[in-house]
J.: 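Here's a structure for you.
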Amino acid sequence: MNNGRQAGTERRRTRVANAITVARREGAPLTASAIARAAQVDRTFLYRHRDLLEVLHTAAREPAAPAAGGPAVTRSSLQADLANAAARSARRAARVQQLEERLSKALGKEVWRTSGLGPPADVAELNTRITLLEQRNVELTGALEEREAELDAARAANRDLTRALNQRG
């Protein structure tokens, strides 16, 4: 009876090993469930036979054989691809956030303007005109003060000359 049980176990072990080899060659999933299904054994069979489970995990970690003439895929190349994809995703997420902020501001301005809460366009133009006129007023006031100072200096010089002439004569 023991010989029959051992023979059955060996047949199942052989089916599991063959299922791992076939799955690896065909690129099928290398999971305990998939291999147990392909070998027509219960999943617990794999967990009772740790050596088969270790073979399965090793096969899952190693890259599949390269296609005829194609480049070899290694774990490090897949990790590099994953890192590049993650960086690209982060850049796109940042760009999306930037565009969302710009859209939000533009929509906010539009809602503010159309709601009537903001100043009408002509008021904004008038405020701009007022600002320009105030700046011009400051410039002209400065020029006027400068000319008044020059006029005061000229009057003082004229008084001094007139006094000097009156004292001579």
Side-chain angles (χ1 to χ4, degrees), residues 1-139 142:
M1 185 157 153
N2 263 349
N3 290 340
R5 193 175 286 166
Q6 285 178 350
T9 299
E10 285 304 316
R11 281 193 305 273
R12 283 182 275 167
R13 287 177 65 83
T14 303
R15 286 197 315 251
V16 168
N18 290 339
I20 291 171
T21 303
V22 169
R24 196 154 186 272
R25 184 175 4 141
E26 293 178 358
L30 288 166
T31 62
S33 297
I35 295 302
R37 199 172 22 259
Q40 297 176 347
V41 297
D42 192 52
R43 206 174 52 204
T44 58
F45 181 81
L46 291 171
Y47 294 111
R48 281 193 313 261
H49 297 272
R50 291 288 185 187
D51 59 324
L52 288 175
L53 192 60
E54 185 59 35
V55 169
L56 172 63
H57 289 163
T58 302
R61 280 191 300 267
E62 294 175 0
V73 176
T74 63
R75 184 174 181 84
S76 61
S77 70
L78 292 175
Q79 287 175 336
D81 287 347
L82 179 62
N84 288 335
R88 188 171 45 251
S89 175
R91 285 191 306 271
R92 288 184 179 159
R95 178 68 175 148
V96 165
Q97 184 178 10
Q98 179 187 30
L99 292 173
E100 284 175 345
E101 288 175 7
R102 284 179 54 194
L103 178 62
S104 176
K105 287 179 183 177
L107 288 175
K109 287 179 183 176
E110 181 65 21
V111 166
W112 180 260
R113 189 184 58 74
T114 58
S115 69
L117 295 174
D122 58 342
V123 172
E125 288 175 22
L126 290 174
N127 284 335
T128 303
R129 179 78 175 138
I130 287 170
T131 302
L132 292 173
L133 290 174
E134 286 174 345
Q135 289 174 351
R136 180 73 176 140
N137 189 21
V138 168
E139 291 170 2

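Quick caveat: nothing in here was measured; it's all calculated off a predicted structure. If you read the sequence from its start, that first residue is 1, and numbering goes on from there.
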J.: In Å, rounded to the nearest 0.5 Å, how long is the span from CZ of Arg13 to CD of Gln6?
T.: 11.5 Å
J.: Count the heavy atoms belonging to other residues, nucleotides or ligands that lie under 6.0 Å from CZ of Arg43, then report whether that count exceeds 12.
T.: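 Counting other residues, nucleotides and ligands, CZ of Arg43 stays at 12 neighbours or fewer.
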J.: Is the count of non-hydrogen atoms from other residues, nucleotides or ligands lying under 6.0 Å from Glu54 atom CD greater than 12?
T.: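 Counting neighbours around CD of Glu54, more than 12 heavy atoms of other residues, nucleotides or ligands fall under 6.0 Å, so yes.
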J.: Looking only at heavy atoms, what is the nearest atom pair of Ile20 and Leu52, with distance?
T.: CD1-O, 4.2 Å
J.: How far apart are the closest heavy atoms of Ala32 and Leu46, and which atoms are they?
T.: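 Closest approach of Ala32 to Leu46: O-CD1, 3.4 Å.
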J.: Before you tell me yes or no, could you show the steps for Glu134 and Val138 under side-chain contact (heavy atoms from CB on, under 4.5 Å), namely the whole-Å CA-CA distance, both residues' side-chain angles and the distance that decides it to 0.1 Å?
T.: CA-CA 6 Å; Glu134 286 174 345; Val138 168; 5.7 Å; no
J.: Should Arg24 and Thr21 be marked as a side-chain contact (heavy atoms from CB on, under 4.5 Å) after you check the CA-CA gap, both sets of side-chain angles, and the distance that decides it?
T.: CA-CA 5 Å; Arg24 196 154 186 272; Thr21 303; 5.9 Å; no
J.: Write down the atom of Ala23, the atom of Pro29, and the distance for their closest heavy-atom approach.
T.: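 Heavy-atom minimum between the residues: CB-O, 4.2 Å.
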J.: Closer than 3.5 angstrom, by distance alone: can the side chain of Thr14 be matched with the main-chain N or O of Glu10 as a donor-acceptor pair?
T.: yes
J.: Between Val22 and Arg25, is the side-chain contact (heavy atoms from CB on, under 4.5 Å) condition met? List the steps.
T.: CA-CA 5 Å; Val22 169; Arg25 184 175 4 141; 3.5 Å; yes
J.: Backbone N or O of Gln98 within a donor-acceptor pair of the Arg102 side chain at under 3.5 Å?
T.: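 Here the side-chain-to-backbone pair does not exist.
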J.: Using side-chain heavy atoms (C-beta onward) and a distance below 4.5 Å, is His49 in contact with Thr9?
T.: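 They are in contact (side-chain heavy atoms under 4.5 Å apart), so the answer is yes.
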J.: In Å, rounded to the nearest 0.5 Å, how long is the span from CG of Leu132 to CG of Asn137?
T.: 12.5 Å
J.: Return the OH to CG distance between Tyr47 and Asp42, rounded to the nearest 0.5 Å.
T.: 10.5 Å
J.: If I take atom CG from residue Asp122 and atom CZ from residue Arg129, how far apart are they, to the nearest 0.5 angstrom?
T.: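 Nearest 0.5 Å value for the CG-CZ distance: 15.0 Å.
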J.: Is any side-chain heavy atom of Glu125 closer than 4.5 Å to a side-chain heavy atom of Thr128?
T.: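 No, side chains not in contact.
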J.: Enter the distance from Ile130:CD1 to Gln135:CD here, rounded to the nearest 0.5 Å.
T.: 12.5 Å
J.: Just how far is it from atom CG of Leu53 to atom CD1 of Ile35, taken to the nearest 0.5 Å?
T.: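 The CG atom of Leu53 sits 11.0 Å away from the CD1 atom of Ile35.
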J.: If you apply the rule side-chain contact (heavy atoms from CB on, under 4.5 Å), what do you find for His57 with Arg61, and how did you get there?
T.: CA-CA 6 Å; His57 289 163; Arg61 280 191 300 267; 3.9 Å; yes
